[in-house]
J.: 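To start, I am sharing the structure in question, which I have written as structure tokens.
Quick note on labels: first sequence line is chain A, next is B, and so on, each numbered from 1.
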Amino acid sequence: MNIKEQLQILMQNTDYGDATLKSNMQKELEKKLLEKRPLNIYCGYDPTAVDLTLGHIITMRKLRDFQQLGHNVTFLIGGFTGLIGDPSDKDKKRPMLTKEQLENNAKEYTRQAYKILDPSLTTIRSNDEWLEKISSKEFIQLCSHFTVAQFLERDNFSKRWNANDPIYLSEFLYALMQGYDAVQLKADVQIGGSDQLFNLMAGRILQREFNQSPQVIITLPILVGTDGKLRMSKSTGNFIGLDEEPNEMFGKIMSIPDSAVKSYFNLLTNISDDELDSLFKMVNNSEMQKIDIKKKLAEYVITEIFSMIEAHQAKEYFENTFQKRNTPSEMVEYSINDNKPEDMKLSKILHMAELPNGEKFAKSLSEVRRLIDQNAISINGNKISEDTLLNSGDEVRVGRFKFLRIVD
RNA sequence: GCAGGGGUGGGAGAGUGGUUAAAUCCAGCGGUCUGUAAAAUCGCCGACUUCGGUCUACGCAGGUUCGAAUCCUGCCCCCUGCACCA
């Protein structure tokens, strides 16, 4: 593959918000590629939550592109910076995590990341390797390369400043620490979400100070969540987890609004622009339903993360359960084996039984009552109007999509 | 340390002595409709209940009152400015 083609792949879907920056980065990348050596590529991930989401795999897919072209890819875990909490993606301060939490999260992260990245070609490191050891003197030297004004100019800081919201010094230091990672890794390229631009730039500044050639910055768009508006994130609840079951994932992808479909295709699949265009054209000519495009999207994504077979099964499950509204054959089971008679009531059981995600079918008995009042519960296909006792074999439907089977 | 502002339900934010389990908005949940989309539309959204009620809740602890989220006292926490320090 020639350099031009490589460049085309590597720069695809980047998002800089500034055309000049983009063309500069592209030129720099081209120069590096022409050196014909394996480049050092990395992307950092803060282990602040256990679950990676589809949002995270955008950068991982880009790492994989580099990987496939023979470059050295480092999956960097923000073991140290996670302690600070990145101010980038929020207008508010993040809670700090304990070291144990972070370590546990980090382990989970790598396991999940290998769904996208090739384990044999990926180096996993954590930035506490070097940030933990840095001396106060070195630290102050790092600080001296930045001014307060530079930080205050940053959009999310200036907003908070103007709103009289607190800005903690530790948050300022975040970008600095992250920039130092680039120095330590002698990075040629760093990948990140477009909200990370400031942090990635800090890397360039520091690398120059350390007489390294500054890294090329590749920023990618932020994936919106299932609500179609806000950034996908665990804390907002609009996320699709990388670790979710194919059926679940299929369903969640089906629930994104139409407006988000195109960007999902671009960011999460390898479909070409031409193919995508022709898909949408078919919809316009009514050769295809809009929902079918979305199903295709879900199939593509699940194929990549799991397998084609599982994607196909998930699609069938979806069609049977939700489109034809059949009762699924597999559902959450609840054993009443050793329950006392008074615990066999529908309300009690819904309050006890857990969904796969760990939530209860109903948070309280009051909620069950409300659901009953609202015609939301049916047993074996019949809507019920009052609390009853359940027997083994009963199939309970709660709302549209939640099912529970009673077993011995 | 000083001065000012503030702490209300998942979030935002009303309410300054009684019809307040607490307006309104957002989020969430459910019914109808549908494509687990969007839009519409109707409803729910502290807990427990033998459905008559009971209990808990407006930073914490006391107090005044027939009655407090609302008044008083003490404490805790947050923000801004100043001072101290540099």
J.: Taking atom types as they are modelled, would you say the side chain of A:Arg400 forms a donor-acceptor pair with the base of B:rU34 within the 3.5 Å cutoff?
T.: yes
J.: Between B:rU41 and B:rA14, how far apart are the C1' atoms? Round to whole Å, please.
T.: 28 Å
J.: Which whole number of Å gives the distance between the C1' atom of B:rU8 and that of B:rC84?
T.: 36 Å
J.: What do you reckon, is CE of A:Met308 surrounded by more than 12 foreign heavy atoms closer than 6.0 Å?
T.: no
J.: Closest-nucleotide mapping onto RNA chain B: is A:Lys348 or A:Gln323 further toward the 5' terminus? I mean the 5' end.
T.: A:Gln323
J.: Send over the distance from A:Phe280 CZ to B:rA37 C1', rounded to a whole Å.
T.: 13 Å
J.: Using distance alone, with no hydrogens and no angle criterion, decide if A:Tyr174 and A:Asp46 have a side-chain donor and acceptor under 3.5 Å apart.
T.: yes
J.: How would RNA chain B look in dot-bracket form, 5' to 3', counting Watson-Crick and G-U wobble pairs with both distances under 3.5 Å and writing | for bases paired to another strand?
T.: ((((((((.[[[..)..(.....]]].((((.........)))).(((....)))...[[[[[..)....]]]]])))))))....
J.: How far does the P atom of B:rC79 sit from the matching atom of B:rC71, given to the nearest Å?
T.: 24 Å
J.: Give me the distance, rounded to whole Å, that separates B:rC75 from B:rG30 when you measure between the P atoms they each carry.
T.: 49 Å
J.: Mind checking the CD1-CD spacing from A:Ile222 to A:Gln196? Nearest 0.5 Å is all I need.
T.: 7.5 Å
J.: Rounded to the nearest Å, what distance is computed from the CG atom of residue A:Asn238 to the P atom of nucleotide B:rC26?
T.: 18 Å
J.: Under the criterion salt bridge (Lys or Arg N to Asp or Glu O under 4.0 Å), I'd like the reasoning laid out for A:Glu304 against A:Arg64: C-alpha separation, chi angles, the key distance, then a yes or no.
T.: CA-CA 12 Å; A:Glu304 184 160 307; A:Arg64 189 178 59 188; 3.1 Å; yes
J.: Distance check needed: B:rG28 P versus A:Leu230 CG, whole Å only.
T.: 10 Å
J.: Kindly indicate whether a cation-pi arrangement holds for A:Lys252 with A:Phe239, taking the cut-offs as under 6.0 Å to the six-membered ring centre and within 45° of the axis.
T.: yes
J.: What distance, rounded to whole Å, do you find between the two P atoms, one in B:rA27 and one in B:rA40?
T.: 12 Å
J.: I need a per-nucleotide contact map over nucleotides 39-48 of chain B, read 5' to 3'. Cutoff is protein heavy atoms under 4.0 Å; write B for the base, S for backbone only, - otherwise.
T.: ----BSS-SB
J.: B:rU56 and B:rC48: how far apart are their P atoms, nearest whole angstrom?
T.: 15 Å
J.: Sticking with atom C1', work out how far B:rG59 lies from B:rU65, rounded to a whole angstrom.
T.: 23 Å
J.: Could you tell me the separation between the NZ atom of A:Lys262 and the C1' atom of B:rA37, rounded to a whole number of Å?
T.: 17 Å
J.: Counting only heavy atoms not in A:Leu230 (residues, nucleotides, ligands), do more than 12 fall under 6.0 Å from its CG?
T.: yes
J.: Is the terminal nitrogen or CZ of A:Lys295 (NZ for Lys, CZ for Arg) located under 6.0 angstrom from the six-membered ring centre of A:Phe318 and within 45° of that ring's axis?
T.: no
J.: Nearest whole Å is fine: how far is B:rU36 P from A:Phe403 CZ?
T.: 12 Å
J.: Measuring to OP1 and OP2 of B:rU34, would you say a side-chain N or O of A:Lys290 lies under 4.0 angstrom away?
T.: no
J.: Which label fits B:rA40, syn or anti, where anti is any glycosidic angle not within 90° of 0?
T.: syn
J.: In whole Å, what is the span from the NZ atom of A:Lys402 to the P atom of B:rC29?
T.: 7 Å
J.: Which of parallel (below 30°), tilted (30 to 60°) and perpendicular (above 60°) describes A:Phe75 and A:Tyr109?
T.: perpendicular
J.: For A:Arg325 and for A:Gly399, find the nucleotide of RNA chain B with the closest heavy atom, then tell me which residue's nucleotide is more 5'.
T.: A:Gly399
J.: Closer than 3.5 angstrom, by distance alone: can the side chain of A:Gln112 be matched with the main-chain N or O of A:Leu52 as a donor-acceptor pair?
T.: yes
J.: Does a side chain donor of either A:Thr122 or A:Tyr114 reach within less than 3.5 Å of an acceptor in the other side chain?
T.: no
J.: Would you mind reading off the distance between A:Phe401 atom CZ and B:rU34 atom P, rounded to a whole angstrom?
T.: 13 Å
J.: Tell me which one of A:Ile3, A:Leu69, A:Val189 satisfies side-chain contact (heavy atoms from CB on, under 4.5 Å) with A:Leu33.
T.: A:Ile3
J.: When rounded to the nearest Å, what value does the distance between P atoms of B:rC77 and B:rC29 take?
T.: 38 Å
J.: Answer with base, sugar-phosphate or nothing: what part of the nucleic acid does A:Gln289 contact at a heavy-atom distance below 4.0 Å?
T.: nothing
J.: Counting the atoms with a prime plus P, OP1 and OP2 as sugar-phosphate, which does A:Lys229 contact under 4.0 Å by heavy atoms, base, sugar-phosphate, or nothing?
T.: nothing
J.: Tell me what A:Asp258 touches on the nucleic acid: a base, only sugar-phosphate, or nothing, going by heavy atoms under 4.0 Å.
T.: base
J.: Over how many whole Å does the gap from A:Glu386 atom CD to B:rU49 atom C1' extend?
T.: 16 Å
J.: Consider the side chain of A:Asn375, meaning its heavy atoms from C-beta on, and name the nucleotide among B:rG35, B:rG31, B:rA38 that approaches it most closely.
T.: B:rG31
J.: Just to be sure I understand the rule, does A:Lys295 reach a base, reach only the sugar-phosphate, or reach nothing, if contact means heavy atoms closer than 4.0 Å?
T.: nothing
